[in-house]
Every structure is written in structure tokens, then in C-alpha cells.
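One is the number of the first residue; the rest follow in order along the sequence. The figures that follow rest on heavy atoms only: side chains count, while hydrogens, waters and symmetry mates do not.
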Amino acid sequence: MTSLHVLATGPMVTVQDRGRPGLAHLGVPRAGALDAPAAALANRIVGNDPDAAVLEVVLGGLELRAHGGCWVAVTGADRAHASAEWLAAGATLRVPTPSTGVRSYVAVAGGIAVPPVLGSRSTDTLAWVGPPRVQPGAVLPVGDPTGSPRSVDTPRPPRRGPLRVRVGPRADWFDDDALDRLCATPYVVSADSNRIGLRLDGPALPRRRQDELASEGMVLGAVQVPPSGVPIVFLADHPPTGGYPVLAVVEEEDLWQCAQLRPGDEVRFTPARAGSTG
């Protein structure tokens, strides 16, 4: 059986697939690849099923040694073009620190075959449901290939642009022009952003109501505004509930961009057009 021996990791490496949606009522976040188009592309390139698990690599630093030859592909971060590469038995795959972006995705033909938890092989970094964080010394099992590697004309991921937002469920807790102000002003990514939320620095969004809000369900992409007035965009590992009002919700098709934003990068929002689907 093919396996991958982890020789080194960078700041963080986790196993991710398409997540475990539908379990928020049990307090379980959906998790899943933060840059879903890049993960899907990596799987397509090596001929995997879309549900196959990949490695999500934050800021490079990953080194893998193959026990058994296998096809691999690396996408995301600064890799606008990617192709399948044959990794011979005993050879080492290195994922360097990207010059732009944050997260790279490593797919291997057959997928990372760690045991699923609640129907998914994704690591949730909020409650740590799923496989543990990938550490040096780990041996990752690889499944049997289900398809052939694809050619270089495999469709590319979408291009970056402003994050499209729709009016959120608690917009009435803010001044009438709060959504316009959100969309008119650039924000900057804060250093404490992670898979749970994209935290921003920038102008505060004044609230009309100052009373407490009972904790309520949160959706992926919710733009929650804490007492500081500076918004947070909830990402794949967000908590199922929250107690601060949600001014807007980012279109799910745009959330992949949040995976590649570094601290200090500028973020802009724009109103979603009626009927747009991404």
C-alpha cells in the first residue's frame, strides 16, 4: 500500500476534504478545504473523486517521502498553473514557502486515506474533530487510485475580486448606511486570522442598537460585528452559534479568496447582484 512519510511541516498542515456540512445542530463546524476551488483542482489533476482528502499546507515547509510511487499535484497559493507529477518510491516532495497567497493543496492519486470522522476526513481546528494536525514523523496512508491524471487543460480556479455580500439577518441593528460603508471602505487582514475567521482592521461600523443579542446560529460567510465595530468573516471552522449581530453574508463562491489573504493584505466588499450565483 502506498503511503507518505511526513519529514517536515511548516506553520500548519491539516487533512481536508469537502467537510461535514449538516451537523451544526450538534455543534460541529463543517470544516473542509478553505480554498475549495484549489483543492478541487488538485484532485481533478490526479484523477481523484471530488470527495478525496488532500493536504492543506499553510505557508509551505512541507516535505513528504513516498513509500510507493504515486501521482501528486500541488495547487493554491501562488500556483496559477499545476500539473500531475510522478513521485517515485523513495522520492521527496517539497512544498516551498509561496511568494504570494497562504495555502497550498497537495493531492495524491487515491487520496489521503485516514479514517473518516462523522463522514469526513477534514480536520476542524475549532473543536479538533477529525484527524489530528499533521506532524513530522506521521505516515499518511494513500487510497487506491480511481482515475488517470488529467492534462494541463484542466479548468483553472476562479480569479480574485471583491468579496460579494448580501444583507445579513441583523442589518437592522446598524445604521442605515452600514452596508454601504462596509462596501465603500477597504479593510486590512489582521494577523490573528485563521480557519475560523478572517479578522480585519479598519473603520468601525456603528451599531444602532447597543443591547445584548442572544446567541443564534451562524452561517458560513457571516460578517459578524463584535463590540469593536470591526467585522469578522466566518470561515470553514466557524462556531455554529454566536452572540454578535451579522450585518452581511459573503457569497460562498467568493470565500476561497479568504484562504489566500495574508496579514496586511487589503480586502474589499461589494454588494452581490440580485440573482447572482457566483
Side-chain angles (χ1 to χ4, degrees), residues 2-20 29-43 45-46 48 51-68 70-79 82 84-85 87 91-117 120-143 157 191-198 235-237 255-256 258-263:
T2 301
S3 60
L4 298 171
H5 183 196
V6 181
L7 303 177
T9 61
M12 177 174 280
V13 177
T14 57
V15 179
Q16 299 292 340
D17 56 16
R18 296 204 288 187
R20 48 181 72 83
R30 73 170 62 193
L34 217 54
D35 186 343
L41 175 62
N43 271 330
I45 289 174
V46 298
N48 279 350
D51 291 322
V54 301
L55 296 178
E56 184 177 272
V57 184
V58 175
L59 294 175
L62 176 67
E63 295 185 15
L64 300 171
R65 180 164 295 157
H67 293 175
C70 53
W71 287 100
V72 296
V74 183
T75 63
D78 58 354
R79 294 173 182 260
E85 301 177 20
L87 189 65
T92 299
L93 172 69
R94 293 181 174 86
V95 180
T97 302
S99 57
T100 60
V102 175
R103 291 174 174 83
S104 303
Y105 292 86
V106 178
V108 55
I112 304 297
V114 295
V117 177
S120 169
R121 294 183 168 92
S122 286
T123 300
D124 156 36
T125 62
L126 180 64
W128 292 104
V129 174
R133 175 176 176 165
V134 176
Q135 302 279 14
V139 176
L140 303 172
V142 175
D192 55 355
S193 296
N194 52 27
R195 286 182 48 86
I196 298 169
L198 186 73
L235 303 180
D237 292 356
L255 287 171
W256 66 271
C258 300
Q260 304 299 355
L261 291 169
R262 294 185 172 191

> Ala138: which residues meet the side-chain contact (heavy atoms from CB on, under 4.5 Å) condition with it, sequence neighbours left out?
Val6
> With side chain to side chain contact (heavy atoms under 4.5 Å, CB included) as the criterion, how do Val57 and Tyr105 come out once you've worked through the C-alpha distance, each side chain's angles and the decisive distance to 0.1 Å?
CA-CA 6 Å; Val57 184; Tyr105 292 86; over 6 Å; no
> Less than 4.5 Å apart, side chain to side chain, heavy atoms only: is that true for Leu7 and Thr92?
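SC-SC contact between Leu7 and Thr92 confirmed.
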> Mind listing the closest non-hydrogen atom pair of Ala82 and Thr75 along with its distance?
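Here Ala82 and Thr75 meet closest at CB-CG2, 3.8 Å.
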> Assess the residue pair Arg20 and Val117 against the criterion (side chain to side chain contact (heavy atoms under 4.5 Å, CB included)); give the C-alpha distance rounded to whole Å, side-chain angles, the decisive distance to 0.1 Å, and a yes or no.
CA-CA 9 Å; Arg20 48 181 72 83; Val117 177; 4.2 Å; yes
> Can you sort out the partners of Ala84 under side-chain contact (heavy atoms from CB on, under 4.5 Å), two or more places apart, ordered by chain and number?
Ile45, Trp71, Pro149
> Suppose we screen for side-chain hydrogen bond (donor to acceptor under 3.5 Å, both in side chains). Which residues come up paired with Arg195, at least two apart in sequence or across chains?
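Arg195: side-chain hydrogen bond (donor to acceptor under 3.5 Å, both in side chains) contacts with Gln16, Glu56, Asp237.
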> Could you walk me through whether Leu62 and Ser104 pass the side chain to side chain contact (heavy atoms under 4.5 Å, CB included) test, one step at a time?
CA-CA 10 Å; Leu62 176 67; Ser104 303; over 6 Å; no
> List the atom of Gly32, the atom of Ala236, and the distance in Å for their closest heavy-atom pair.
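For Gly32 versus Ala236, the nearest heavy atoms are O-CB, 3.9 Å.
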> Side chain to side chain contact (heavy atoms under 4.5 Å, CB included) for Leu55 and Val15? Distances and angles first, verdict last.
CA-CA 5 Å; Leu55 296 178; Val15 179; 3.9 Å; yes
> In a table with atom names and distances, give each donor-acceptor pair under 3.5 Å that connects a side chain of residues 129-137 to protein atoms at least two apart or in another chain.
| unit_1 | atom_1 | unit_2 | atom_2 | d |
| --- | --- | --- | --- | --- |
| Arg133 | NH2 | Pro11 | O | 2.4 |

> Under 3.5 Å, which donor-acceptor pairs do the side chains of residues 93-103 form with other protein atoms, sequence neighbours left out?
| unit_1 | atom_1 | unit_2 | atom_2 | d |
| --- | --- | --- | --- | --- |
| Thr97 | OG1 | Leu59 | O | 3.4 |
| Ser99 | OG | Asp78 | OD2 | 2.9 |
| Arg103 | NH1 | Ala259 | O | 2.8 |

> Can you name the side-chain hydrogen bond (donor to acceptor under 3.5 Å, both in side chains) partners of Gln260, sequence neighbours left out?
Asp35
> Taking atom CG of Leu140 and atom NE2 of His67, what is their separation to the nearest 0.5 Å?
11.0 Å
> Do Leu255 and Leu198 come close enough that some side-chain heavy atom pair is under 4.5 Å?
no
> Of the non-hydrogen atoms in Pro29 and Asp124, which two are nearest, and what is the gap between them?
CD-OD2, 3.5 Å
> So which heavy atom on Asp17 is nearest to which on Ser120, and how close?
OD1-OG, 2.7 Å
> Can you name the nearest heavy-atom pair linking Ile196 to Asn194, along with the distance?
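Looks like N-OD1, 2.9 Å.
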> Any salt bridge (Lys or Arg N to Asp or Glu O under 4.0 Å) involving residues 108-117? Give me the pairs, sequence neighbours left out, ordered by first then second residue.
none
> Of all the heavy-atom pairs spanning Trp256 and Pro37, show the shortest one and how long it is.
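Scanning both residues completely, I find the closest heavy atoms to be CB-CD, 3.4 Å.
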> Which residues satisfy the side-chain hydrogen bond (donor to acceptor under 3.5 Å, both in side chains) test with Asn43, sequence neighbours excluded?
Asn48
> Could you pull out all residues at least two apart from Arg65 that satisfy salt bridge (Lys or Arg N to Asp or Glu O under 4.0 Å)?
none
